[in-house]
*Asks:* 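Right, I'll just put the structure down here and ask away after.
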Amino acid sequence: MKFDKILFASHNAGKISEIKNMLAPLGITVVSSADVSFPDVEETGKTFAENSLLKSQTIPKTFGIPCIADDSGLCVDALDGAPGVYSARYAPNRDFDKGIDKLLAEMDKSANKSRAAHFSCVVSLAYPDGRYELFEGRVDGKISFEKMNGSGGFGYDPVFIPDGYDCSFAQMDKNEKNKISHRGRAMQKFKEYLMSL
Ligand code: IMP
């Protein structure tokens, strides 16, 4: 292993604890941008990779240690890939219950009747000298006609049914979702990269 400390560009408590747990067995300490009071970076990119890099490349120059970030979203075929990189902003006041209503209504109005969709995630690792690595994960599935709420999940989970399943992401066990999810797959590639160093 080439480094034992990494910055994670996020203020999302759930994501921070997930990454800390994942990297602890590899002997890597995770410090978040919340820990070092570094503000959130504006997501002005047009792709998940651009946004992920915007977040991860801003911080290492200041702190001199490698930094990781992720960017993710839901892409719906019938909406030409929307909400995509705008997934968080698409939901009125970040209220995802309302965001899902908006999504279902727009799909209803669309001439394209496909229910196909996928979640994408790009994890980026930026080094202080400007080098970087990208790790991509994707999960395909379909959008249900109604919310299928469960005890878990967040965001658009209640309407996303991954291929090969009858239940929504929100109805799946957290570990089961992590095994097949876009973020889980991107993080797995990142972990394999770390172990190869
Ligand atoms: P970000 O990657 O933190 O910018 O989040 C993008 C947005 O995409 C989130 O606010 C969610 O709305 C949506 N999203 C990303 N991953 C998931 C997921 O696993 N389930 C449900 N929604 C997700």
Side-chain angles (χ1 to χ4, degrees), residues 7-19 22 32-34 38-59 67-76 79 81-104 106-107 115-126 134-144 147-163 165 167-188 190:
L7 264 162
F8 178 41
S10 177
H11 286 78
N12 179 320
K15 281 190 191 175
I16 295 167
S17 87
E18 204 177 286
I19 302 256
M22 199 186 88
S32 74
S33 41
F38 198 89
D40 264 339
V41 175
E42 215 191 325
E43 298 180 17
T44 52
K46 298 242 179 316
T47 63
F48 296 115
E50 275 179 50
N51 277 338
S52 184
L53 278 170
L54 274 173
K55 293 185 244 183
S56 64
Q57 288 187 316
T58 314
I59 307 188
C67 179
I68 51 169
D70 77 338
D71 195 55
S72 57
L74 175 68
C75 305
V76 177
L79 303 179
V85 288
Y86 304 104
S87 292
R89 286 161 274 176
Y90 180 84
N93 300 319
R94 306 274 161 118
D95 177 336
F96 288 96
D97 199 45
K98 291 204 178 96
I100 290 174
D101 290 340
K102 182 174 161 186
L103 184 82
L104 293 177
E106 288 196 353
M107 287 181 75
R115 303 303 293 181
H118 64 271
F119 273 115
S120 274
C121 175
V122 175
V123 170
S124 60
L125 167 67
L134 296 176
F135 310 92
E136 302 189 22
R138 168 179 170 144
V139 56
D140 287 278
K142 59 178 186 283
I143 303 296
S144 56
K147 288 172 197 153
M148 296 164 71
N149 288 311
S151 54
F154 70 100
Y156 302 93
D157 278 347
V159 284
F160 184 80
I161 304 172
D163 284 348
Y165 291 79
C167 60
S168 73
F169 257 178
Q171 294 169 322
M172 284 172 77
D173 171 72
K174 200 170 152 191
N175 293 327
E176 175 115 22
K177 179 190 162 185
N178 284 343
K179 267 191 229 152
I180 62 158
S181 80
H182 48 311
R183 191 170 303 98
R185 285 176 173 161
M187 289 307 293
Q188 186 54 35
F190 170 56

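Numbering of ligands and ligand atoms starts at 1, following listing order.
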*Asks:* Heavy atom of Leu74 under 4.0 Å from ligand 1?
*Replies:* no
*Asks:* Can an N or O of Asp157 be found at a distance shorter than 3.5 Å from an N or O of ligand 1?
*Replies:* yes
*Asks:* Please assess Lys15 against Arg183 for the test side chain to side chain contact (heavy atoms under 4.5 Å, CB included), listing each intermediate value before the final yes or no.
*Replies:* CA-CA 10 Å; Lys15 281 190 191 175; Arg183 191 170 303 98; 4.1 Å; yes
*Asks:* How close does the nearest protein non-hydrogen atom get to atom 19 (O) of ligand 1, and which residue and atom is it?
*Replies:* Lys177 NZ, 2.8 Å
*Asks:* List the closest protein heavy-atom neighbour of atom 12 (O) of ligand 1: residue, atom name, distance to the nearest 0.1 Å.
*Replies:* Phe96 CE2, 2.9 Å
*Asks:* For the residue pair Phe38 and Val41, what are the closest heavy atoms and their distance?
*Replies:* CE2-CG2, 4.4 Å
*Asks:* Angle class for the Phe160/Phe169 ring planes (parallel below 30°, perpendicular above 60°, tilted otherwise)?
*Replies:* tilted
*Asks:* Under 4.0 Å, heavy atoms only, figure out whether ligand 1 is touched by the backbone of Glu43, its side chain, both or neither.
*Replies:* side chain
*Asks:* Name the one of Leu125, Ile19, Asp70 that satisfies side-chain contact (heavy atoms from CB on, under 4.5 Å) with Phe190?
*Replies:* Leu125
*Asks:* In terms of atom number and element, which parts of ligand 1 are under 4.0 angstrom from non-hydrogen atoms of Asp71?
*Replies:* 2 (O), 4 (O)
*Asks:* Mark up the atoms of ligand 1 that fall under 4.0 Å of a heavy atom belonging to Gly73, in ascending order.
*Replies:* 8 (O)
*Asks:* Considering Ser72, Ser87, Ser168, Ala88 one by one, which has a heavy atom nearer to atom 6 (C) of ligand 1 than any of the others?
*Replies:* Ser72
*Asks:* If every non-hydrogen atom of Gly137 is compared with every non-hydrogen atom of Ala186, which pair is closest and at what distance?
*Replies:* N-CB, 3.6 Å
*Asks:* Of all the heavy-atom pairs spanning Asn51 and Gly45, show the shortest one and how long it is.
*Replies:* OD1-N, 2.7 Å
*Asks:* Taking the basic N atoms (NZ, or NE/NH1/NH2) and the acidic carboxylate oxygens, is any pair closer than 4.0 Å for Lys55 and Asp40?
*Replies:* no
*Asks:* Could you name the option among Tyr86, Tyr156, Phe169, Phe154 that has the heavy atom nearest to atom 17 (C) of ligand 1?
*Replies:* Phe154
*Asks:* What protein heavy atom is closest to atom 1 (P) of ligand 1, reported as residue, atom name and distance in Å?
*Replies:* Lys15 NZ, 3.7 Å
*Asks:* Starting from atom 14 (N) of ligand 1, locate the nearest protein heavy atom and write down its residue, its atom name and how far away it is, to 0.1 Å.
*Replies:* Phe119 CE2, 3.9 Å
*Asks:* For Lys147, enumerate each residue passing the side chain to side chain donor-acceptor pair (under 3.5 Å) test, keeping only those at least two apart in sequence or located in another chain.
*Replies:* Asp97, Asp101
*Asks:* At a 4.0 Å threshold, what atoms of ligand 1 neighbour a non-hydrogen atom of Gly155?
*Replies:* 21 (C), 22 (N)
